[in-house]
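A quick write-up on the structure given underneath.
What you are looking at is a predicted structure, and each value in this text was computed from that prediction instead of being measured. If you read the sequence from its start, that first residue is 1, and numbering goes on from there.
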Amino acid sequence: MTRDTRATPVGDRPTLRTAAPFVAVGTLGLLGLLVPPHPESTTPVQPWHVVALFAVTLAILARSLTSPVRTWADPGAPLFFFVVIAAAREVSGGAMGGGGGLVALPVLWLALFGRRKDLWLSALATLVLFLVPALLIGDPRYPTSGWRMALIWTGVSLFIGPAIQDVVRRLAVERREHQRAAAEARGLLGGARLSSMIATDRAGLITSFGVGAEHLLGYRAVEVVGRVNVSSLHDPQELAATATARDSDPGHVLAELAAEDAPSQVWTYLRADGTRIFVRLAVTELRHDDGTVVGYLHVAIDATAAVSDQRRLAAAEARWRTVMDQLPDATVVVVDPSMTIELVAGAGAMRQGIEGKVGQPLDAFSGPVNMAIWNRLVPLAIDGTTSEEDLAATRTGDEHHVVVTPLDTADGPRALIVARDVSAERRREREVARARDRAEHLFLDAPHGIAVLDADGVVLEVNGALERMLPLPAGALVGRNLVDLSPDPESSRRLLAELDESPARLATTSWTWESNDDHVVHLSLSLARLRADEDTSSDDIIVNVVDVSDRQRYELQLTHMADHDALTGLVNRRRFDRDLERHLVECRRTGARGALLLLDLDHFKEVNDTLGHRAGDELISSVAAVLRRELGDADIVARLGGDEFGVLLPSAGPEEASALANRLVERIRDHTATLDGTRRRVTASVGVLPITYADSLSGDDALATVDMLMYDAKDAGRDRAAVLGVALNEVPRLGARLRWRERLEHALEHDDFELHLQPIQHVASGRITGAEALLRMRDPDGALVMPGRFLYIAERAGLIAALDRWVLAHALPILTDLQRVRPGFVLEVNVSGLTIGDPELERMIVSAATSGAFPPQSLVLEITETAAVSDLENARGFARRVASTGCRLALDDFGAGFGSLSYLKHLDFDLLKIDGEFVADSHRNGVDRTILRSVVAMAKALGKETVAEFVAEGAVLDVARAEGVDFAQGYVIGRPVHHDDFAATYLD
């Protein structure tokens, strides 16, 4: 029968603290009744009887207060108090003595802590207390008018007492709900380590900072709670841009997104150490029960890796397009606005039969269906929009993926169509999709195992899925104890005992079986008591069993993929850094041992530039195989990136590490000697750092040191190893680099650099119209140090961005001063390829261009061709953003590297600075002059100006003038001078 929960308050059990006021009031009331004088009475009840009865009441009350559960003493004490009241009235003279008000104590006690039936008993006791003496004894001691008092207190017990019980029950329920919600919130914020959880008030002030937020952002909760606004954790420019797009205020953007229940999006967080990370953030409102917004919850997960992957994917796509004509399955077609074919290229053209269609309309080989696509995509490309689509080849029906992109030529805009045969890929994708669908259906539709146990753990019932999971005969489960079936009986016995102690909990465990076919099966079990109703549980236990073998295998595979390079199968940089740091910590604890090797392939870039990235990948994979063969099982070899490999020898000594490094150099030389083309020239340069000599270094410092050693090997002629001696300064070049790094840091801190300007002449007019800013460093002895001695060290030491910012910061005031002397004066400033995309440098450029101190077009930023090739997509974005400010860009050393024509297509530059190799001997070398003439003609056709470098003789200047070069720079024009002397030397 279901219990009437309305009759049982849900409040806490009474305590000594709650009972004390009742005992005090009862004691005072009884004293008031027992203190003489009393009317004369022949009753046998004496005051000491009352005291004894009251002591019994207190004893019963003490029994109730010390019991953790409800017993007979809970209602016994207040009900027995009615007997005490009756005895006290008798002693004090019956009705004349008063004491009726004491009835409120047991009635109120039972209303607060008793059950509904206890109140019924108190009503009955009230009637007995007042009516029985009036009926049996009567006037004058107990007048019959006592029925009025009996009626009032009986009504209080029957009607007001239950109302009080209901109020107490609701308050107790609400208090426990609030306590549970608060505990869940604290547990959620404190236990969520894989995600950042931050709670704020309505103004954005942080009120709670979870453990995951501490790990993600590097702050401690005590540093930010109540002190920091959550907006300060965001990139201010990003918040401002979002606010502008929404026509809002940056401080209210996050609150507005929460009010709109906007989906999560990627934001930039600023960590405590100043670094930036990308997170996927969702902001939700925190509301009271009445719906009032009291704050916001910011839940974020780290998305840095995903964003980086997307950017790398975009860069890879750009590089892929530059080598389109090398892909065997690609067809490249150029059409003019009238849909006439101007160019057909790519191995795919042979299979499509269109190699002879130049000069013919596009519909000569495309059917109506495809022409409808061309008529839509080609005009978009002519207008500057790139489009993509899939179509079926008219002739063969093969599936092709086409990209139609703009192409600017001297004859006007054209559409570049790149079609790639994706028939095999689409077939594989469809097959993979079908296989994935089948696997998903099999996984989703597969029933999981279920068993029902009795209170002792004996199996009462199982389903067929569980019988198939366990390596037991069918029907052998029912009647057996779970402990006997378990591969770990003791663990299962403890689990059942814990379930007995806490029937409401969910108990979980895992079993591992070896099946009949020698496969390991992993099962996940969850046990819970079957619920009989909301307050009680039955004796039976339900067990859910899921086969998680596949999941465990997938997790192992994902773990392997996270720590290994996809191309070579070697461990990646992330895993290698972790292993190296762990080894160094162990060395500091137990003694230094082992060695660190850094191996870089010489001339590898030429393989990619001449044979393509596929050949480069094949070479990287074969070198990785050589390293695996030469190294032991305990050694760790990793691909750190590109053509760079790291090797950790945990126990090798200096001599053993040196011998192994030399052997690796020989093995790689022997291996590449068997290959064809430029791959035969590839060798290896190795840096060797014995941990014995550098055990105090951190992992990053150790890698930086061995990187410098590797460059020592390159500087010494490549194809060799450079080994650290007993101290860092025993390797001359390494010691010099370390000292140079300290000198550069000191020079940046103390402003020991200076700018010299070399004049640039307008060839046609002969006037000095500009200059190039050249960096110099001043030694303590006053000697000038040329940049060739320290720039490459600055790049390896991570100081090049700071140098570029120093140069720009000092060049801008110089340009402003020279503009006053000669309006229209142009200053060219070099920017390292490693600094392209640096946010602080771009902010300086934008600020200078918009300051009004000089015309923006008078500032020219130079980027070398070899720097542009390292990250073409980044260089393109940088060029686009700089152009939007009005400043101009120059492509320096044009012609010095591979892919120069590709840069003209993809990068928007204003000036081409022709590499001095084609200028210096152009007055004597016919080939150089022809190349010079071709570059000038091509630049003019594209609307760009040219600058000839290394013009050291008058004859060279005459050639430059004759070939139409716009500007000249070199010693015949003028040598570099300090910027303070430039105006007096060249402009007066």
Going through the checks in order, is the side chain to side chain contact (heavy atoms under 4.5 Å, CB included) test met by Met710 and Leu599?
CA-CA 7 Å; Met710 181 269 292; Leu599 184 148; over 6 Å; no
For the pair Val623 and Arg667, evaluate side chain to side chain contact (heavy atoms under 4.5 Å, CB included) and give the outcome as yes or no after the intermediate values.
CA-CA 9 Å; Val623 170; Arg667 294 294 183 270; over 6 Å; no
Please lay out, stage by stage, how Leu703 and Leu596 fare under the test side chain to side chain contact (heavy atoms under 4.5 Å, CB included).
CA-CA 8 Å; Leu703 282 172; Leu596 175 64; 4.1 Å; yes
Run Leu775 and Leu803 through side chain to side chain contact (heavy atoms under 4.5 Å, CB included) and show every step you take.
CA-CA 9 Å; Leu775 182 64; Leu803 276 179; 4.2 Å; yes
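Side-chain contact check for Arg593 versus Glu586: some heavy-atom pair is nearer than 4.5 Å. You'll find the side chain of Val686 stays beyond 4.5 Å of the side chain of Arg720, heavy atoms only. With a 4.5 Å cut-off on side-chain heavy atoms, Met777 and Met786 do not count as touching. Contact of the Leu580 side chain with the Ile636 side chain is not registered, since no non-hydrogen atoms from C-beta on lie closer than 4.5 Å. Side-chain contact between Leu664 and Leu627 is present, with heavy atoms from C-beta onward closer than 4.5 Å. Inter-residue side-chain proximity for Tyr269 and His234 is flagged as met; some heavy-atom pair is nearer than 4.5 Å. Side-chain contact between Phe878 and Leu861 is present, with at least one heavy-atom pair separated by less than 4.5 Å. No side-chain heavy atom of Val706 sits under 4.5 Å from any side-chain heavy atom of Leu724.
Nearest heavy-atom pair across Ala802 and Leu748 is CB-CD1, 3.9 Å. The two residues Leu709 and Val723 come nearest to each other via the heavy atoms CD2-C, 4.4 Å. Of all heavy-atom pairs between Leu640 and Gly646, the closest is CG-N, 3.7 Å. When every heavy atom of Asp643 is checked against every heavy atom of Leu601, the shortest pair comes out as OD2-O, 3.0 Å. In this structure, Leu281 and Ala300 approach most closely via the heavy-atom pair CD1-CB, 3.8 Å. Across Gly569 and Arg628, no two heavy atoms sit closer than the pair C-NH1, 4.5 Å.
Rounding to the nearest 0.5 angstrom, the gap separating the CG atom in Leu774 from the CG atom in Asn830 is 7.0 Å. In this structure, the separation between CD1 on Ile800 and CZ on Arg805 is 10.5 Å, given to the nearest 0.5 Å. Taken to the nearest 0.5 Å, the CG atom of Leu689 stands 10.5 Å off from the CG atom of Leu648. Separation of atoms CG (Asp302) and CG (Leu217) is listed at 9.5 Å; rounding is to 0.5 Å. Atom CZ of residue Arg778 and atom CZ of residue Arg776 lie 10.5 Å apart, to the nearest 0.5 angstrom. Distance check: Ile301 CD1 to Thr304 OG1 gives 10.5 Å after rounding to the nearest 0.5 Å.
Side-chain atoms of Glu842 do not come within 3.5 Å of backbone N or O of Pro839 as any donor-acceptor pair. Between the side chain of Glu238 and the backbone N or O of Thr268, at least one donor-acceptor pair lies under 3.5 Å. Judged purely by atom type and a 3.5 angstrom limit, Arg589 has no side-chain atom pairing as donor or acceptor with the backbone of Cys587.
Salt bridge status for Asp579 with Arg582: present, with a side-chain N to carboxylate O gap under 4.0 Å. At a threshold of 4.0 Å, the pair Arg681-Asp602 does not count as salt-bridged, since none of the basic side-chain nitrogens sits closer than that to a carboxylate oxygen. Salt bridge Glu666/Arg669: absent, no basic N to carboxylate O contact under 4.0 Å. Comment: Arg220 does not engage Glu214 in a salt bridge, judged by the lack of any side-chain N to carboxylate O separation of less than 4.0 angstrom.
Using a 3.5 Å distance cut-off with no hydrogens or angles, the side chains of Thr683 and His603 do not pair a donor with an acceptor. Donor-acceptor pairing under 3.5 Å is lacking for the side chains of Asp600 and Ser685.
For the side chain to side chain contact (heavy atoms under 4.5 Å, CB included) test with Arg639, the passing option among Val571, Ile620, Asn572 is Ile620; the others fail.
Thr275 meets the side-chain contact (heavy atoms from CB on, under 4.5 Å) test with Arg271, Asp273; sequence neighbours excluded.
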Between side-chain atoms of residues 649-660 and protein atoms elsewhere (two or more places apart, or another chain), which donor-acceptor pairs fall under 3.5 Å?
none

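Between Phe278 and Trp267, the ring centre distance reaches or exceeds 6.0 Å.
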